[in-house]
2 protein chains.
Amino acid sequence: MARRVTLIDVARHAGVSRTTASYVLTGAGRVSTATRERVQASIETLGYVYNEGAASLRRKGRTIGVIVPNIDRPFFGEVLSGVESTFTASGYMALMVSTRDRLDQQARLLRMLREHQVAALAIIPATGSNHDLVSSIRSWDVPTVFLSRYVLGATEPYVGSDEVLGGYLAADHLVRAHRCRSITYLGGPKLGVARIDRLTGVHRALAESGSEVNLVDLTCESTVEAGIRAGHELAGSGLPDGIICHNDTVALGVARALFDAGHAGATRIIGYDDIATAQASIPSLTSVATNGRLLGETAASALLAVISGAEPAVRSHLAEPQLIVRESCGDHA
Amino acid sequence: MARRVTLIDVARHAGVSRTTASYVLTGAGRVSTATRERVQASIETLGYVYNEGAASLRRKGRTIGVIVPNIDRPFFGEVLSGVESTFTASGYMALMVSTRDRLDQQARLLRMLREHQVAALAIIPATGSNHDLVSSIRSWDVPTVFLSRYVLGATEPYVGSDEVLGGYLAADHLVRAHRCRSITYLGGPKLGVARIDRLTGVHRALAESGSEVNLVDLTCESTVEAGIRAGHELAGSGLPDGIICHNDTVALGVARALFDAGHAGATRIIGYDDIATAQASIPSLTSVATNGRLLGETAASALLAVISGAEPAVRSHLAEPQLIVRESCGDHA
DNA sequence: TTGTAGGCGTTATCAT
DNA sequence: ATGATAACGCCTACAA
């Protein structure tokens, strides 16, 4: 097995010094076109490949840590696709890890990322993340952007969507267009900031409506199965006029359970995120669209800006969600 | 901004040599418990963090490249979650990239991964990958496992599911349980190996059945929208007795289109992969289950085995898919 | 059990 | 425009 070919080999082969060879690689320093071409040729024939690891010992590295609660949840998948493509397009690579939404995992992975010298960090914090996370990141002193979920008291840039507005849009629609008098908010981790914000929006919509609305607040896991279970419980204990689900996956489960319980179309169901299959479901799912992919791209760009030091102080960015009205809250009651 | 604290600092602070300090980190070499504790303490108080990058210059690195066609497709998301958790559990980190199923992207990303000195490679090759990919990887000489899709002529370990069997199960069900006389296979890239294998299975089932069956073979993108379009076309040109879709996403789109065209329940629909929402759809979707997460875990474990050199020759592994029969091919025609 | 010293492949500083 | 040389932080014979 042949020894790795190094920059020194290239330099020797081209009859120049390491420095010059390095210059043609990085583009820095001025090199005559003649030598440049000679070096390029040597690189070709020798089959040299750049050693990013070694280079990182001197200059800043080109890998970025990406922390996500669940890599297999459709919405996060969309976000990740945006993040990843933006990074690799700029020559960076994403070191992706999934915390399974657990704080201990998050801490462990954070440490690993640190040992890997990532140049920056994009993180969708695990539910329950508090100032410990923030101060841990601060002491580390690496460019960071929070994504999709924020941490109270954090001052680092945050890219997400306006959860309050999202909750408002959903509730407003139920109350105004459908005159709902009882609404259930279902799903999400009890302590999640997104959940709390959306409920704030819901309350606001209810208050504005002026009418008396009974709001019930239920928690569940973000899985189809949990949605189905919750749906059956709701069917048993009396259906509200409308249900706002924490995400589409849960909403689909609920719809299924109500169908099985003989309550198809008996109430309005609104999902969240507008994942790809929401439009295909029967009935098609009304949902608050957040465009995860764009979110990921925006966050990644912001982070790249911080890294290159271009931006003096990157402000946070809140995207406006949009209510996509479909059949699941039509008036077929 | 304080200078990075290095192992030398730790050694100095603990009053030992670099070697000793390094030994307590790696566990190699014998160190007295007394000194070990002293060093540990110094590490704590100084806030030392291991520099994986620097270490990789001497020993083998601990990052693994993971190449995937589309990070945002539910099935791949499941696979990735298995891959990632297995790697990080073993102290490795996954450098994930998405090729968008394009060969040029794949080549580019492969090069980047190489520059990043990944210790191994797990790859779901882009559609159309041929021996060029294989030989490129071979010349590079890095432990590799192919995942979910294989490349003809590749001898490296492959972890996937038995596509032929999957196609067989679906077709056999349609022909035997539902006496279908016309079947359409819909979706997937025309050249995809999975597609070809599944069709082989379909043909086998038809042959075994002994009856005359008209098989139509249609291609489409793996999106809900494409499924909807295809569904409308099918509705216009006459429905077959049964439709086998290349994946659940397409299947859901087709079901929706048929519903809209007034053909709800007019034919049997079978999906592939059994993603989470398949069971929730109305009607619930019959699907060939492949357990992506397990696939990812298996592949990652295999790769880790190869890395540690334990396994002399890791054989490939084909998981048996399973047909989950649900309402979408019930007898409500 | 602990210390010495050389090397991993690159970048950056300072001459020339 | 190009070259010599010192880092960067760690690992690992080899010596003590």
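Here is how names work: the chains are called A, B, and so on, in the same order as the sequence lines, proteins then strands, and each is numbered from 1.
- B:Ser17 and B:Thr20 share a side-chain donor-acceptor pair at under 3.5 Å.
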Contact state string [nucleotides 10-16 of chain C, B base, S sugar-phosphate only, - no protein heavy atom under 4.0 Å]
BBBB---
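- Neither side chain, B:Ser301 nor B:Thr298, offers a donor N or O lying under 3.5 Å from an acceptor on the other.
- Defined by atom type and a distance below 3.5 Å, a donor-acceptor pair is present between the side-chain atoms of A:Arg138 and A:Thr155.
- Take B:Ser42 and apply the side-chain hydrogen bond (donor to acceptor under 3.5 Å, both in side chains) test, not counting sequence neighbours, and it matches B:His13.
- When the C1' atom of D:dC8 is taken as reference, atom CG of A:Leu57 falls 4 Å away, rounded to whole Å.
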Starting from the C-alpha separation in whole Å, work towards a yes-or-no answer on salt bridge (charged side-chain N to carboxylate O under 4.0 Å, His left out) for A:Arg149 and A:Asp101.
CA-CA 12 Å; A:Arg149 295 176 179 175; A:Asp101 218 12; 3.1 Å; yes
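- Applying the side-chain hydrogen bond (donor to acceptor under 3.5 Å, both in side chains) rule to A:Gln106 yields the partners A:Ser129; only residues at least two apart in sequence or on another chain are considered.
- Residue A:Thr20 has a polar side-chain atom (N or O) positioned under 4.0 Å from OP1 or OP2 of D:dG3.
- Taking atom NZ of residue A:Lys60 and atom P of nucleotide D:dC8, one finds them 15 Å apart after rounding to whole Å.
- Per the geometry, NE2 belonging to B:His116 stands 15 Å off C1' belonging to C:dG9, to the nearest Å.
- Applying the 4.0 Å criterion to OP1 and OP2 of D:dT2, one finds that A:Thr35 has a side-chain N or O inside that range.
- Taking five base pairs at each end of the helix from C:dT1-D:dA16 to C:dT16-D:dA1 and finding the rotation axis that steps the C1' atoms of four pairs onto the next four gives two axes whose angle is 30°, to the nearest 10°.
- Within the structure, every pair that satisfies the side chain to side chain donor-acceptor pair (under 3.5 Å) test and touches residues 85-98 of chain A, not counting sequence neighbours, is listed here: A:Ser85-A:Arg293.
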What side-chain donor-acceptor pairs closer than 3.5 Å can you find for residues 111-125 of chain B, not counting sequence neighbours?
unit_1   : atom_1 : unit_2   : atom_2 : d
B:Arg111 : NE     : B:Glu115 : OE2    : 3.3

